[in-house]
Amino acid sequence: MVLITFCIVGTVNAENITDINKLVNNMNAFDGKVVTIEGEPIGEAMNRGTYSWINVNDGTNALGIWLPSSQAERITTFGDYKHKGDTVRISGIFLKNSPEHGGDVEIDCSSLEIIKKGHTVDEELTNVKIITATLLFSIAFMLTYAYFHVVQKTKNASE
Amino acid sequence: MKNINMRFSTISIISYYTGYIVLGTALLMLIPLLTSLLLHEWNPLLDFLISMSVSVITGLIMIFLGYETHENKVRLEWKHGFVVAALSWIILMFLCSLPYVLSGHVQSLLDACFDVMSGFTTTGLVLTQDLDHLSVGLNMWRHMLTFIGGQGMVVLALSFMLKNLGGAYKLYVGEAKDIELVPNVIGTARIIWKISIIYMIVGTLALWLCGIYIGLSPLSAFFHGLFIFESAWSTGGFAPNTQNIMYYHSFPYEIITILFMVLGSLNFGLHYAVWQGNKKEIIKNIETQSFFITSFLACAFAVVKLSQLGVYNDGISIFRRVVYNVLSAHTTTGFSNIYAQQFISDWGDFGILIIIIAMLIGGSACSTAGGFKGLRVGIVFKGLIADIKKLLSSERSIRIYKYHHIKDYILTDGVVKASALIIICYVILFAINTALGTFLGYPFAAAAFEAASVTGNVCLSIGITDPSMPTILKVQYIIAMYLGRLEFIAAFALFGHIIGGIKKLCIISVKHSS
């Protein structure tokens with residue numbers, strides 16, 4: 001089965017790629033079929049021994065992928081606030097109700113291809129934001145000072 | 001002239017106390033700000049600095065405007081308490097949405113307000129986009145909002161800020177919390193926070209260790225643990241990733257969340273009674289009886305129907321996908337480990353109906369949960385049984401019916417009527433939301449599902465809640481979440497106050513012109 005899957009995967013091109021949302025919206029049609037998705041692995045790999053979980057987001061939705069840990073280790077960058085993750089192409093059997101994983105919706109991965117390496121996202125701070133923050137913080141600071149001054153004055157007057 | 005002075009005095013009182021609550025919430029922004037600083041997330045750091053400054057300025061201006069309240073030592077009246085609670089939520093909705101807007105992860109201010117109100121009301125529905133690339137700082141803020149919303153912003157202010165407050169109970173009740181754990185309301189507010197903080201330490205630790213066990217890195221497992229605990233305990237339903245609980249692919253992680261969402265949906269009075277050694281309260285309390293009966297029935301019906309449909313083949317799958325989601329709906333948490341589309345494709349009309357009923361019933365009164373609450377369901381049910389018994393018994397016999405909720409109470413017609421009225425308000429709100437959904441072209445079952453989720457402050461979505469949904473539906477859902485959480489009374493007091501004020505101003509201006 002795995003050999004057949006790899007043969008099929010070997011011929012995959014961009015036209016055979018299925019959106020995750022399409023899989024989710026048509027689970028019954030795709031259940032048990034070999035599918036290919038392309039997207040960004042997000043968060044991190046969760047190692048469960050010889051196999052691992054990764055979650056892939058293709059911009060339409062996100063889906064869990066069950067794959068050998070050796071394959072998961074090939075992914076260099078996972079997407080998060082500071083990183084744009086690798087772009088991976090994953091092929092495998094789509095399951096709408098995995099008996100092995102308590103009814104999980106997943107792809108049992110048979111092949112993983114790194115299409116594009118991920119990278120660190122550089123944060124750009126605009127001058128407008130820096131000036132606005134400084135200005136507003138100064139006003140808030142002065143008002144806080146005035147507040148404590150008034151409170152102290154009221155306290156002294158009542159004494 | 002006296003009338004105008006009274007109105008001015010009322011506005012001062014409301015402004016003064018609302019200002020304190022705004023100021024308290026503004027200071028809370030220090031937590032995500034420091035998180036961003038520690039993790040070197042510079043843009044979120046500036047976002048929180050801007051938002052906190054705007055909130056501090058707003059809060060202090062409101063305190064200054066009403067400072068005569070402090071000088072004249074004016075005491076709060078019931079109407080003030082309700083209006084302050086209701087108004088604080090609206091002002092904070094705008095102020096707390098600033099970090100969302102500045103992050104660029106929302107399409108509009110309305111979407112940001114939607115998410116903040118969803119957090120405050122512990123609903124958990126999300127319009128924020130690209131959750132998987134959200135900064136830890138903003139995630140901290142999202143989950144803090146739902147945690148604080150669960151306990152109550154007014155409760156927080158009472159606990160730590162408003163030490164010498166006269167009439168504090170009126171503020172406290174205004175936020176739909178009416179239990180007195182100790183004679184002093186500020187003491188009660190502090191106990192509520194103590195209970196929550198202790199559970200937070202235990203829950204975060206449990207989820208952190210479980211997170212490491214399932215393969216998350218220690219730092220990541222800590223933040224996931226903290227965020228998921230905050231959501232579970234406050235029955236909120238937010239999660240740091242798009243897939244919600246599905247992200248973890250872990251049965252033990254789901255079991256821990258079940259434990260904390262059930263605990264979070266129980267009355268703070270019950271927690272306190274158990275902590276005081278009164279363990280029998282769990283069995284005797286009308287609310288826990290009601291919750292366990294309705295949740296057992298809902299789970300049983302859903303399991304039987306979905307087994308008949310052959311959706312899930314084994315016991316573990318049924319427990320993880322059916323029981324989990326029914327309990328999540330019933331506790332009004334809204335965590336989900338299936339896709340929204342699966343409710344439509346797999347659960348069928350009966351499954352959807354079960355979830356709708358569970359979402360509408362909700363958790364316990366004076367807890368973090370939404371819905372019309374197990375206490376009211378129990379009281380109305382007992383009232384019905386009592387009426388039937390009265391009909392069947394001799395006209396000469398007089399029987400007194402009681403119910404147990406921390407202590408024994410007599411089941412009067414007034415209590416039954418008050419509970420039934422709130423349930424009717426919820427049902428009307430649910431009907432309006434469903435009608436609007438169907439009017440806008442959504443299928444009836446989907447519109448009813450989403451309406452129940454919004455009305456009961458749940459979070460489960462069948463796919464309607466989306467940044468592309470019609471603006472009118474977003475606004476209606478914000479109002480519904482707000483009304484559902486404050487249990488109508490405080491919001492009605494605010495509307496009444498505004499309408500009354502406008503009416504009086506009109507009368508005065510007519511008199512002047514004539």
Side-chain angles (χ1 to χ4, degrees), chain A residues 21 24-28 40 42-49 52-53 55 57 59 61-64 66 69 78-85 96-99 101-106 121 123-126 129-130 132-141 143-144 146-147 150-151 154 157-158, chain B residues 26 39-47 49-50 52-57 60-61 63-64 67 70-71 102 130 132-139 214-217 220 240-243 246-251 254 311-314 316-322 337-342 345-346:
Chain A
N21 229 13
V24 169
N25 285 327
N26 304 282
M27 281 188 190
N28 292 327
E40 178 190 14
I42 39 129
E44 61 198 292
M46 287 173 274
N47 189 306
R48 307 277 165 96
S52 292
W53 279 108
N55 293 293
N57 190 329
N61 213 326
L63 182 66
W66 180 243
S69 297
F78 284 83
D80 59 23
Y81 175 70
K82 289 185 175 177
H83 301 95
K84 168 75 187 154
K96 67 166 270 193
N97 176 10
S98 164
H101 298 119
D104 232 340
V105 180
E106 66 188 53
V121 179
E123 275 197 281
E124 283 179 28
L125 294 174
T126 62
K129 209 177 219 183
I130 295 168
T132 309
T134 314
L135 205 69
L136 285 169
F137 181 73
S138 308
I139 297 169
F141 185 79
L143 266 177
T144 309
Y147 166 76
V150 170
V151 168
T154 315
S158 63
Chain B
L39 297 174
H40 300 176
E41 294 174 340
W42 306 121
N43 262 313
L45 177 80
L46 286 181
D47 295 345
L49 193 63
I50 292 170
M52 195 174 80
S53 302
V54 171
S55 306
V56 167
I57 293 166
L60 286 175
I61 288 173
I63 291 170
F64 282 131
Y67 204 69
H70 177 81
E71 285 169 342
L102 294 170
D130 195 15
D132 297 320
H133 291 97
L134 226 56
S135 64
V136 180
L138 189 56
N139 258 323
I214 64 169
L216 295 172
S217 68
S220 166
N241 290 92
T242 311
Q243 291 151 285
M246 263 188 297
Y247 176 85
Y248 305 100
H249 307 281
S250 166
F251 193 21
E254 286 162 14
V311 180
Y312 299 107
N313 308 319
D314 58 289
I316 291 178
S317 299
I318 287 173
F319 183 84
R320 285 185 67 181
R321 310 298 153 185
V322 183
N337 55 11
I338 60 172
Y339 287 94
Q341 291 89 333
Q342 285 179 277
S345 64
D346 294 348

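Below, chains carry the letters A, B, ... as their sequence lines are ordered, and counting in each starts from 1.
For chain A, no part of B:N139 is nearby; none of its heavy atoms comes within less than 4.5 Å. Of the atoms belonging to B:S55, not a single heavy atom falls under 4.5 Å from chain A. With a 4.5 angstrom heavy-atom cutoff, A:L135 does not touch chain B via any of its atoms. Of the two parts of B:P44, the backbone and the side chain both hold a non-hydrogen atom closer than 4.5 Å to a non-hydrogen atom of chain A. Contact of B:S135 with chain A is made through backbone and side chain together, with heavy-atom distances under 4.5 Å. Using a 4.5 Å cut-off between heavy atoms, B:L60 contacts chain A through its side chain alone, with no backbone atom that close. With a threshold of 4.5 angstrom between heavy atoms, A:E106 does not approach chain B through any atom at all. Of the two parts of B:I318, neither the backbone nor the side chain holds a non-hydrogen atom closer than 4.5 Å to a non-hydrogen atom of chain A. At a 4.5 Å heavy-atom cutoff, A:N26 makes no contact with chain B through either its backbone or its side chain. With a 4.5 Å cut-off on non-hydrogen atoms, A:K96 touches chain B through its backbone and its side chain both. Looking at A:T144, both its backbone and its side chain come within 4.5 Å of chain B, counting heavy atoms on both sides.
Contact count against chain A (heavy-atom pairs under 4.5 Å) is highest for B:D132 among B:D132, B:L49, B:I316. Put simply, of A:A140, A:G102, A:S138, the one with the most heavy-atom pairs under 4.5 Å next to chain B is A:G102. Highest contact tally toward chain A, considering only B:M52, B:M246, B:E41, is held by B:E41 [criterion: heavy-atom pairs under 4.5 Å]. Of all the listed residues (A:G103, A:G59, A:G64), the one sharing the greatest number of non-hydrogen pairs under 4.5 Å with chain B is A:G103. When each of B:V56, B:D314, B:L216, B:D47 is checked for heavy-atom pairs under 4.5 Å with chain A, B:L216 comes out on top. If you tally non-hydrogen atom pairs under 4.5 Å between each of A:I130, A:N55, A:D80 and chain B, the highest count goes to A:N55. Ranking A:L143, A:V121, A:N47, A:D104 against chain B, the residue ahead of the rest is A:D104, based on heavy-atom pairs under 4.5 Å.
Considering only heavy atoms from C-beta on, B:Q243 comes within 4.5 Å of A:I42 through its side chain. B:H40 places a side-chain heavy atom less than 4.5 Å from the side chain of A:K82. Two residues are said to be in side-chain contact when any heavy atoms from C-beta on lie closer than 4.5 Å; A:M27 and B:Y339 meet this criterion. At a threshold of 4.5 Å between non-hydrogen side-chain atoms, the residues B:V311 and A:N97 do not count as touching. At least one side-chain heavy atom of B:Y247 sits under 4.5 Å from a side-chain heavy atom of A:M46.
Here the closest non-hydrogen pair linking B:R320 and A:H101 is NH1-O, 3.3 Å. Between B:Y248 and A:R48, the shortest heavy-atom distance links the atoms O-NH2, 2.8 Å.
Atom OG of residue B:S53 and atom CD1 of residue A:I139 lie 8.5 Å apart, to the nearest 0.5 angstrom. A distance of 9.5 Å separates CG in B:N241 from CG in A:N57, rounded to the nearest 0.5 Å.
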Legend entry - side chain to side chain contact (heavy atoms under 4.5 Å, CB included) evaluation trace for B:Y67 with A:V151: CA-CA 10 Å; B:Y67 204 69; A:V151 168; 3.7 Å; yes
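By the 30° and 60° cut-offs, the orientation of the rings of B:F64 relative to A:Y147 is perpendicular.
Side chain of B:N43 to main chain of A:E124: a donor-acceptor pair is present (N/O by atom type, distance under 3.5 Å, no hydrogens or angles).
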